[in-house]
Participant: 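Can you read through this structure? Questions will come right after.
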2 protein chains.
Amino acid sequence: MNPVTLKQIAETLDISIATVSKALKDYPDVSKKTKLLVKETAELLNYKPNAFAVNLRTKESKTIGLIIPEVVHHFFSSVIKGIIARAEKKGYLVIILQSSESYEMEKKQLDLLLSKRVDGILMSLANGTANFKHLDDLISQEVPLVMFDKIAKIVNCSKVIINDRMAAYTATKYLIDSGCKRIAHFRGPLLPQNSIDRFLGYKKALSDNNIPYDPSLVYICECGERSFEEGKENAHKLLEDHNDVDGIFINTDLVAIGAITEFHRIGVKIPEDISIVGFSNWFMSSVISPTLTTIDQPGYEMGKEAFKLLYKEIKRRKENLPIKFKTVELETKLIKRASTRN
Amino acid sequence: MNPVTLKQIAETLDISIATVSKALKDYPDVSKKTKLLVKETAELLNYKPNAFAVNLRTKESKTIGLIIPEVVHHFFSSVIKGIIARAEKKGYLVIILQSSESYEMEKKQLDLLLSKRVDGILMSLANGTANFKHLDDLISQEVPLVMFDKIAKIVNCSKVIINDRMAAYTATKYLIDSGCKRIAHFRGPLLPQNSIDRFLGYKKALSDNNIPYDPSLVYICECGERSFEEGKENAHKLLEDHNDVDGIFINTDLVAIGAITEFHRIGVKIPEDISIVGFSNWFMSSVISPTLTTIDQPGYEMGKEAFKLLYKEIKRRKENLPIKFKTVELETKLIKRASTRN
DNA sequence: ATTCATATCGAAAACGTTTTCGATTTAACG
DNA sequence: CGTTAAATCGAAAACGTTTTCGATATGAAT
């Protein structure tokens, strides 16, 4: 084992624990001579500060928590990567928990993180979350919180988002510009803000271009683990319900890929018969055929940005400075590929 | 804030801290009456034990570390999911770090985890790791360690693996059985055990079926972030070098998908001209065209199994029982799809 | 020699919990 | 009533660190 403590260093040098501690942290009231001596023997004995004791004393763990709906997910794993990268640079480690799109789980995971006393929490909401008391509680307990992607507008904290509405507008507009007259929408669940915003962007694009909005063209997906199957099912239903659809704007790539798969099976040609635009730009979308036109959503940057905001908040809180919450909006862009005519 | 401590409960009830602590943990030497009283006021004051103090006292953090080469990766994210799921059930949280396939990073991350004093470590080696001193050090420090997927045979710890050699043999054999006579192999880097084993399985299948082994048919990929591009490049080179190849066994799906993309671009028909078998069964492989024949590698189960082994080791160490390292081998299976003839 | 400033150190409290062990009370029994 | 056993509690040490604050020593200035 490695139970080398300050005490041991102190004893071997016959000085006090306090001096050893201060020497290691370069306090000004320790002579250069003893500093050198202490650092040398610390190195020699392979001293590593006991994180538990440091945590207890300093009241911080240099650890943050991350709650996301799903780990096996191209977008979210990109976010994770961004967060970890940035956090490491600042000396923070990241505990990752998964809500599996369930509100109950989300609450439980939050409690777990709180009981571990993480220094801050990053999260993207579960689809099932409609009540935000658990988040308000967090904030009233003064635990730094930053939400990203799937946020609640009503919760008072920093956020990192994209302009889902505008991106959806762009996507739908592109379908219109490429000649689509009758455009369906596979939307996400009813609750999450970004699913709502994407729907609104779709609707706005239609009305701005004098295309009547037809609710029967809007299909709902849970966008959970069954995304791919939902894409297939909705594509199938769409064909049964309507024979004049020539374009679909789909809430997320995985669903879009399910739809493409089903259309392919049935013999519907993309983009000749139906054009499709997805959302998120999963890597997969660039290698299926036809390659999928989609909205690129910068997951890695979102993760980095989210940590940056959290870090700032943690720092300001430590220094007892006033906190101002910020909402950072990241750029998206339309990636034109082969699932649409141009 | 929430600075409710044992002391506060003790003061409100006018009893000692020791009794409060013991009451909360159902020690036998506390009367039922006071137990009830303590639990009630603890509930009332919303008492949460201070993890830092508990850690310091008990010398454990109920946290484990996980080091993987890459987060944005279908297989590894499945593993993460399995680990988190299992760990949570046993009350452990998971800190995730990424080595980015670099040996230096891997060492650094290991140090970070050690300095946080995690109760155990799960890891899959970076491609760049040839030296195992850092792992041996871990073991000599008695830190529980379980390796999975990309392991080092020589390191003395528990492991969770698949039989890469046999799986590769099966994959290659399938190519042979479907009529391929001249089979190339896109292998992984030279160091990792599983890359070696897959190569050996390929070779064995050839020799068992009287097909001469031709080293010029073996191409190397780094299998890092450029996997997809490497697949394209190698596919291109392969066609320049040889005009008689009719099958390829490829170290990992992402490279295989790159190869398919390139063949598609050039006009080589799959599987008519060349059959392809990948490895890992990324989700993507089931939706590209042609769908990719591959070896299914159970990431989620591997994660679960790895945590189970780690948990056992942690427990036995706490009870000072002898530790016996185990190697668990998980089943793989050949997924027959459209990139091969049958 | 006295005063003052500066440099250097250490004692000790504190963080909040767990656990040992001794003290006290209560009940039980002859 | 005295003795013993069982039940119930609390004092205190310990985990290892950080930090305040006072103590001492050294040197310079008067």
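The sequence lines fix the lettering, A, B, ..., with proteins before strands; numbering per chain opens at 1.
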Participant: To the nearest angstrom, how far is B/L56 atom CG from D/dA13 atom P?
Facilitator: 17 Å
Participant: Taking only side-chain N and O atoms of A/T5, does any of them lie within less than 4.0 angstrom of OP1 or OP2 on D/dG16?
Facilitator: no
Participant: Measure the spacing between CG of B/L36 and CD of B/E40 and express it to the nearest 0.5 Å.
Facilitator: 5.0 Å
Participant: Rounded to whole Å, how long is the line connecting atom CD1 of A/I15 with atom P of D/dT24?
Facilitator: 19 Å
Participant: Which whole-number value in Å describes the distance from B/K22 NZ to D/dA12 P?
Facilitator: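 For the pair B/K22 NZ and D/dA12 P, the rounded distance is 14 Å.
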Participant: In whole angstrom, give the distance that lies between atom CD1 of A/I9 and atom C1' of D/dG16.
Facilitator: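 Checked: the CD1 to C1' distance equals 12 Å.
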Participant: Look at B/K25 and C/dT18 and indicate whether a side-chain polar atom (N or O) is within less than 4.0 Å of OP1 or OP2.
Facilitator: yes
Participant: So if I take every side-chain heavy atom of A/V30 and compare against C/dC9, C/dT19, C/dG10, which nucleotide ends up nearest?
Facilitator: C/dC9
Participant: Indicate, with a heavy-atom threshold strictly under 4.0 Å, whether B/P28 touches base, sugar-phosphate, or nothing.
Facilitator: nothing
Participant: From the set C/dA11, D/dT17, C/dT18, return the single nucleotide nearest to any side-chain atom of B/L6.
Facilitator: C/dT18
Participant: Starting at atom CZ of B/F52, determine the distance to atom P of D/dA14, rounded to an integer number of angstrom.
Facilitator: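 So the CZ-P distance, B/F52 to D/dA14, works out to 25 Å.
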Participant: Roughly how far, to the nearest 0.5 Å, is CD of A/E106 from CE of A/M123?
Facilitator: 3.5 Å
Participant: So which one's nearest nucleotide on DNA chain C is more toward 5', B/D29 or B/T58?
Facilitator: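 Closer to the 5' end of DNA chain C: B/T58.
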Participant: Can you work out whether B/V20 or A/I17 has the more 5'-proximal nearest nucleotide on DNA chain D?
Facilitator: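 Result of the comparison: B/V20.
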Participant: Can you find a donor-acceptor N/O pair under 3.5 angstrom joining the side chain of B/K59 to the base of D/dG16?
Facilitator: no
Participant: If you compare every side-chain N and O of A/S31 against the phosphate oxygens of C/dT8 (OP1, OP2), does one of them come in below 4.0 Å?
Facilitator: no
Participant: Roughly, in whole Å, what's the span from NZ in A/K7 to C1' in D/dT17?
Facilitator: 13 Å
Participant: Taking CG from A/N50 and C1' from C/dC15, how many angstroms apart are they, rounded to a whole number?
Facilitator: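 A/N50 atom CG is separated from C/dC15 atom C1' by 13 Å.
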Participant: Quick one: is A/T34 getting a side-chain N or O under 4.0 Å of the C/dC9 phosphate, OP1 or OP2?
Facilitator: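 A/T34 to C/dC9 OP1/OP2: side-chain N or O found under 4.0 Å.
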Participant: Are A/E60 and A/K318 ion-paired here, with the side-chain N under 4.0 Å from a carboxylate O?
Facilitator: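 Salt bridge between A/E60 and A/K318, a charged N being under 4.0 Å from a carboxylate O: yes.
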Participant: Are the side chain of A/S158 and the backbone N or O of A/V146 linked by a donor-acceptor pair below 3.5 Å?
Facilitator: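 Here the side-chain-to-backbone pair does not exist.
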Participant: Would you indicate which nucleotide in C/dG10, C/dT17, C/dA14 comes nearest to any side-chain atom of B/R57?
Facilitator: C/dT17
Participant: Please state whether the rings of B/F75 and B/H73 are parallel, tilted or perpendicular, taking 30° and 60° as the class boundaries.
Facilitator: perpendicular
Participant: Would you say A/Y27 reaches D/dC21's phosphate, i.e. side-chain N/O to OP1/OP2 under 4.0 Å?
Facilitator: no
Participant: Within this structure, what is the CD-to-P distance between B/E11 and D/dG10, rounded to whole angstrom?
Facilitator: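 Answer to the nearest Å: 13 Å.
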